[in-house]
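Worth knowing before you read on, the calculation uses all heavy atoms, side chains too, and leaves out hydrogens, waters and symmetry mates. Just so it is clear: chains get the letters A, B, ... in the order the sequence lines come, proteins before strands, and each one is counted from 1.
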2 protein chains.
Amino acid sequence: MRKKKIKIAVTDDQQLFRRGLISLLKEFDELQIAVEAVNGNNLLEQLKTKHIDVVLLDYEMPGLDGAETTAVLREKYPEIKILILTMHNDEEIILHMVEKGAHGFLLKDYDIEIVVDAIYAVMENGYYFNPAISKTILRNLVENKKIKPSFKKGDELSEREIEILQMICAEFTSKEIAEKLFIAGSTVNSHKESILKKTGSRNVAGMVLFAVKNGLIKE
Amino acid sequence: MRKKKIKIAVTDDQQLFRRGLISLLKEFDELQIAVEAVNGNNLLEQLKTKHIDVVLLDYEMPGLDGAETTAVLREKYPEIKILILTMHNDEEIILHMVEKGAHGFLLKDYDIEIVVDAIYAVMENGYYFNPAISKTILRNLVENKKIKPSFKKGDELSEREIEILQMICAEFTSKEIAEKLFIAGSTVNSHKESILKKTGSRNVAGMVLFAVKNGLIKE
DNA sequence: ATAAGAATCCGTATAAATACGGATAGCGAA
DNA sequence: TTCGCTATCCGTATTTATACGGATTCTTAT
């Protein structure tokens, strides 16, 4: 009798990427695509009736994103291994996700073989970090002398802050945002300050890039 | 005897997306993946020795991007049909690419069947624009009363402007950029003005998003 | 019930971004 | 050559963004 197949969930909002990835994974007989989801909410909905071993989770998604979904998964389904997929080789994102409890980290321009290696690694060892990413993590550990990095940047923005950040990305000035939201310009400034602090940015350029990297822009 | 297969080139810098797309296209027997390229330069290099009918071209790429590659292809290989792939459903990008001579336009979250439909459409009709995109184009035609939209926004930035835009995205202030480049702060301001005009932006938020949409950010 | 923290709000001061004007050098078309 | 166009450069004025200080309300933990 054959070994039991590894049950995979693929979660990504971009249909061509999601279907393409699934198509590539189907070449590997030991893997079984058990769930296909377009975002975190959709994934969690399907997990009510289906069982999986590993989830490939896009970091940048509208709706429940990679970070939020990871938090929920670790809470409700601690046995599921989480592999984060992202376009951005960004130290802050990596550390943030490690802290959230992701089991591995994959860039979207990796080879499919690496993805499959990572799936086996998380099943066998519980985690997967390739050399480049391990280095990032270890350096942070050494610098902070902690097991868990006390990484707080990029922590959840409030509803209001996300709303304002999106308007900033739409090229509105603070004054215009204030008028649209019926609040004082100084209040908008104050929200912008919080956004700067939370995202670890110096100015609007950083805020906008944060929005892009975290899928906060609807297009 | 069977009909000749349609020879396809797939050009995208993200390996997982590129390989995934190829895997999906392989399901269609009438299509043949003749060329796989990571960017425009790589594609043009391979076209010296290989023949193709249709190229699926990513818009956002480091190196020679979708727009530049389209221009070269239309010049050197006018018989090749060009289908642009992008994440961004952005009117300016669509019009820009139509003007450059692309034969069709596809979003990365479309279904693979739509991609294949588009391939057949460009082979048979010479172009493919789905209803939503046709609407965008037609509206522009009506408003400008021209066959070719005199769309100039997003026109090529100069070397210096790209350099400065990238530094802006790295969250440097004008003063800091001036110091690094050994020029006056006012000169940086002047370059920023040109960038604003060319990208059709009002402020840094717009410039940064332009940079993201056009793959100007190295990560 | 109170203390601590976060989200929301506002005013004022300084730093930075943006608008306007203008100069030079190079390049291709007329 | 001369004209027009663009890239590059710089100074000054105005508008916007950012820093700092402080308030109210709400939640949560003690």
Original post:
Nearest-Å distance, CG (A:L157) to P (C:dA7)?
Top reply: 9 Å
Subject >> Contacts of A:R18 that satisfy salt bridge (Lys or Arg N to Asp or Glu O under 4.0 Å) - sequence neighbours left out >> reply: A:E36
Original post:
Which heavy atom of A:A102 sits nearest a heavy atom of A:I84, and at what distance?
Top reply: CB-CG1, 3.6 Å
Original post:
B:F17 ring centre to B:K108 NZ or CZ under 6.0 Å, with the angle to the axis within 45°?
Top reply: yes
Original post:
What string of B, S and - do you get for nucleotides 13-18 of chain D 5' to 3' if you count protein non-hydrogen atoms under 4.0 Å?
Top reply: ---SSB
Original post:
According to a strict under-4.0 Å criterion, is A:H191 in side-chain N/O contact with OP1 or OP2 of C:dC9?
Top reply: yes
**OP:** Write down the distance between CD (A:E171) and C1' (C:dA17), rounded to a whole number of angstrom.
**Re:** 14 Å
**OP:** Not counting sequence neighbours, which residues clear salt bridge (Lys or Arg N to Asp or Glu O under 4.0 Å) with A:K192? List them please.
**Re:** none
Original post:
Of all the nucleotides listed (C:dC9, C:dA7, D:dC9), which has the minimum atom distance to the side chain of A:S190?
Top reply: C:dC9
Original post:
How long is the line joining NZ of A:K198 and P of C:dA6, in whole Å?
Top reply: 9 Å
Check nucleotides 26-28 of chain C against the protein and report each pair of N or O atoms closer than 3.5 Å, with its distance, or say if there are none.
none

Original post:
In Å, rounded to the nearest 0.5 Å, how long is the span from CD1 of B:I119 to CD1 of B:I8?
Top reply: 4.0 Å
Original post:
Does anything in residues 177-187 of chain B reach DNA chain D, meaning a heavy atom under 4.0 Å, and if so which residues?
Top reply: B:I183, B:A184, B:S186, B:T187
Original post:
A:E179: what forms a side chain to side chain donor-acceptor pair (under 3.5 Å) with it, not counting sequence neighbours?
Top reply: none
Subject >> Results of side chain to side chain contact (heavy atoms under 4.5 Å, CB included) for B:A184 - residues two or more places apart only >> reply: B:S186, B:T187
Original post:
Do B:L216 and B:L165 have side-chain heavy atoms sitting under 4.5 Å apart?
Top reply: yes
Subject >> Test item: B:N39 side-chain N/O and B:N42 main-chain N/O as donor-acceptor pair under 3.5 Å >> reply: yes
Original post:
What bend angle does the helix from C:dA1-D:dT30 to C:dA30-D:dT1 show across its length, from five-pair end axes and to the nearest 10 degrees?
Top reply: 40°
**OP:** Go through the structure and list residues passing side chain to side chain contact (heavy atoms under 4.5 Å, CB included) with B:A121, not counting sequence neighbours.
**Re:** B:N125, B:Y128
Original post:
Once you round it to whole Å, what is the distance between P of C:dT18 and CD1 of B:I195?
Top reply: 10 Å
Original post:
Any side-chain N or O of A:S194 under 4.0 Å from OP1/OP2 of C:dT8?
Top reply: no
Subject >> Minimum heavy-atom distance A:F105-A:L83, with the two atoms named >> reply: N-CD2, 4.3 Å
**OP:** With sequence neighbours excluded, tell me which residues meet salt bridge (Lys or Arg N to Asp or Glu O under 4.0 Å) with A:E163.
**Re:** A:R160
**OP:** Would you please name every residue forming a side chain to side chain contact (heavy atoms under 4.5 Å, CB included) with B:S194, sequence neighbours left out?
**Re:** B:E161
Original post:
Given atom NZ of A:K197 and atom C1' of D:dG21, what is their separation to the nearest angstrom?
Top reply: 11 Å
Original post:
What's the CD-C1' distance between A:E161 and C:dC9, to the nearest Å?
Top reply: 13 Å
Original post:
What pairs meet the salt bridge (charged side-chain N to carboxylate O under 4.0 Å, His left out) rule with one or both residues in residues 67-88 of chain A, with sequence neighbours excluded?
Top reply: none
